Amino acid sequence: MPEAKKNSVASTLLGLLGSRRDTPETFDGEHQPAAGEGQLENHLGGDEARNYRQYEYDMVAPHVGKSLLEVGSGLGHFSEQFAGRLDYLVVSDNDSYCVEQLNKRYAGRDDVEVLDLALPAEIKIKRKVDTVVMMNVLEHIKDDVQALKDLASVVEPGGRIVIWVPGYMQLYGDFDRKVGHVTRYTPKTLRATVTGAGLNIDTLKPINFLGGIAWWAAVRRGGAGYPDPKLVKIYDRTVVPTTRAIEKVIRPPFGQTVFCVARVPE
């Protein structure tokens, strides 16, 4: 491909995904920011990314039973989607602002428990759950095997731990460092972590193929500081639906995300 054409493609992807602007003032360059308006990882969680949020839900929902522990709940938007089908919900975060907001959101709800949780740790909840969901959490934890062991201890035998993590170290860049990612996973490395925790694997695959290409072009090659919400909206309307259509036909060889459904032995 001619060099001018390569630059044009990279520029287009960079424009869709990211911005070279400085990171928000709430980020100090050393610590993961609080999960408020300026949190770097929340740019795919607002109104600008409805298709992506639906993509997440559609991937996870078939594996959620009647009782759920969500690790890293943030402000509770994702787990709230399951509220009507659950008998028992546990939401958790290790950010004080998030925990405060979760307590406000679920105040007076006897079927919902709020935890201040930083894994690895002993998990104290009222009763075991049949499902744990971790959306972009495991990559923050250095001892990821122990974290999964701790989670498995509060899951019913035969229950599931659904894991959504950023994929492939080739995509690891300044953004990952800024938000505290210890690693990005491949199916092979995530398999090693999951089986090392004594769990079985039902599903393990890379997803969001086109998103991976865009991420590489924008963040790794283009030097984007963080996703620009306005341009993410364009990405959400174009790339996400195309990616979903492709993944219905073929299994992509890699992706921006690795998706796993692990099962606790009976």
Side-chain angles (χ1 to χ4, degrees), residues 35 44-45 50-95 98-138 140-141 144-165 190-191 193-195 197-205 207 244 257-266:
L44 288 179
R50 292 180 182 179
N51 287 325
Y52 187 81
R53 294 202 321 274
Q54 188 64 47
Y55 180 34
E56 290 180 314
Y57 177 81
D58 290 344
M59 290 292 298
V60 172
H63 308 285
V64 175
K66 290 293 186 180
S67 54
L68 170 65
L69 162 60
E70 185 188 24
V71 183
S73 300
L75 304 181
H77 299 304
F78 188 75
S79 56
E80 186 179 50
Q81 299 174 96
F82 298 97
R85 56 184 277 188
L86 298 173
D87 299 327
Y88 175 50
L89 170 64
V90 184
V91 290
S92 68
D93 210 283
N94 67 341
D95 179 89
C98 287
V99 173
E100 178 186 2
Q101 295 304 308
L102 290 169
N103 276 309
K104 290 180 180 178
R105 177 184 288 268
Y106 293 109
R109 291 278 301 272
D110 294 334
D111 59 333
V112 181
E113 191 172 355
V114 178
L115 292 184
D116 187 338
L117 178 63
L119 293 170
E122 180 183 2
I123 303 170
K124 298 180 180 180
I125 54 180
K126 295 176 182 177
R127 62 181 176 90
K128 289 190 174 184
V129 296
D130 59 39
T131 313
V132 168
V133 170
M134 310 178 74
M135 303 296 291
N136 293 316
V137 173
L138 194 63
H140 291 273
I141 304 171
D144 50 2
V145 172
Q146 185 59 50
L148 290 179
K149 288 180 178 179
D150 293 335
L151 291 170
S153 70
V154 296
V155 178
E156 297 171 356
R160 296 160 298 278
I161 300 178
V162 182
I163 305 167
W164 181 292
V165 289
L190 187 55
R191 178 182 294 275
T193 295
V194 169
T195 57
L199 304 172
N200 301 321
I201 294 175
D202 286 353
T203 301
L204 177 60
K205 59 183 179 181
I207 59 173
R244 296 196 65 173
T257 298
V258 178
F259 179 72
C260 177
V261 180
R263 190 172 292 272
V264 175
E266 296 190 33

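Quick note: numbers below take in every heavy atom, side chains included, and nothing from hydrogens, waters or symmetry partners. Here the structure is a predicted model, which is why all the values come from computation and not from measurement.
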Quick one: CG on L115 to OG on S92, what's the gap to the nearest 0.5 Å?
6.0 Å
Could you pull out all residues at least two apart from F82 that satisfy ring-ring contact (aromatic ring centres under 6.0 Å, His included)?
Y57, F78
Hits for side chain to side chain contact (heavy atoms under 4.5 Å, CB included) against K124, two or more places apart or cross-chain, chain-then-number order -> E122
Should W164 and V258 count as side-chain neighbours, where that means a heavy-atom distance under 4.5 Å?
no
Can you run down the salt bridge (Lys or Arg N to Asp or Glu O under 4.0 Å) pairs that involve residues 72-89, sequence neighbours left out, and say none if there aren't any?
E80-R105
CG on N103 to SG on C98, rounded to 0.5 Å
11.5 Å
Among V90, L102, V91, side-chain contact (heavy atoms from CB on, under 4.5 Å) partner for S79:
V91
For residues L204 and L190, report the shortest heavy-atom separation together with the two atoms involved.
CD1-CD2, 3.8 Å
Once side chain to side chain donor-acceptor pair (under 3.5 Å) is applied, do any residues pair with Q101, and if so which ones, sequence neighbours excluded?
none
Rounded to the nearest 0.5 Å, how far apart are CD1 of I125 and CG of L89?
10.5 Å
With sequence neighbours excluded, residues passing side chain to side chain donor-acceptor pair (under 3.5 Å) with T257:
none
Taking atom CG of L148 and atom CG of L138, what is their separation to the nearest 0.5 Å?
5.0 Å
What do you reckon, is NZ of K205 surrounded by more than 12 foreign heavy atoms closer than 6.0 Å?
no
Going by side chain to side chain donor-acceptor pair (under 3.5 Å), name the residues that satisfy it together with D116, two or more places apart in sequence or in a different chain.
none
Pair Y106, E113: side-chain N/O donor-acceptor within cut-off below 3.5 Å
no
Does anything in residues 147-160 form a salt bridge (Lys or Arg N to Asp or Glu O under 4.0 Å)? List the pairs, not counting sequence neighbours.
none
Per-pair distances, 0.1 Å, donor-acceptor, side chain in residues 60-69, under 3.5 Å, sequence neighbours excluded:
{"residue": "S67", "atom": "OG", "partner": "D130", "partner atom": "N", "Å": "2.8"}
{"residue": "S67", "atom": "OG", "partner": "D130", "partner atom": "OD2", "Å": "3.4"}

I'd like to check the salt bridge (charged side-chain N to carboxylate O under 4.0 Å, His left out) partners of R191; sequence neighbours left out, ordered by chain and number.
none
Pairing residues for V137 by the side chain to side chain contact (heavy atoms under 4.5 Å, CB included) criterion, not counting sequence neighbours:
V71, M134, I141
Would you check if I201 and L199 make a side-chain contact, meaning some heavy-atom pair closer than 4.5 Å?
no
How many angstroms lie between atom OG1 of T131 and atom CD of E70, to the nearest 0.5 angstrom?
12.0 Å
For V99 versus D93, what's the shortest heavy-atom pair and its separation?
CG2-O, 3.4 Å
Is there side-chain contact between F259 and I163, with heavy atoms separated by less than 4.5 Å?
no
Any residue meeting side chain to side chain donor-acceptor pair (under 3.5 Å) with D202, in chain and number order, not counting sequence neighbours
R263
How close do V132 and V155 get, heavy atom to heavy atom, and via which atoms?
CG2-CG2, 3.5 Å
Partners passing salt bridge (charged side-chain N to carboxylate O under 4.0 Å, His left out) against D58 (at least two apart in sequence or in another chain):
R244
What is the minimum heavy-atom distance between G198 and P265, and which atoms define it?
O-CG, 3.3 Å
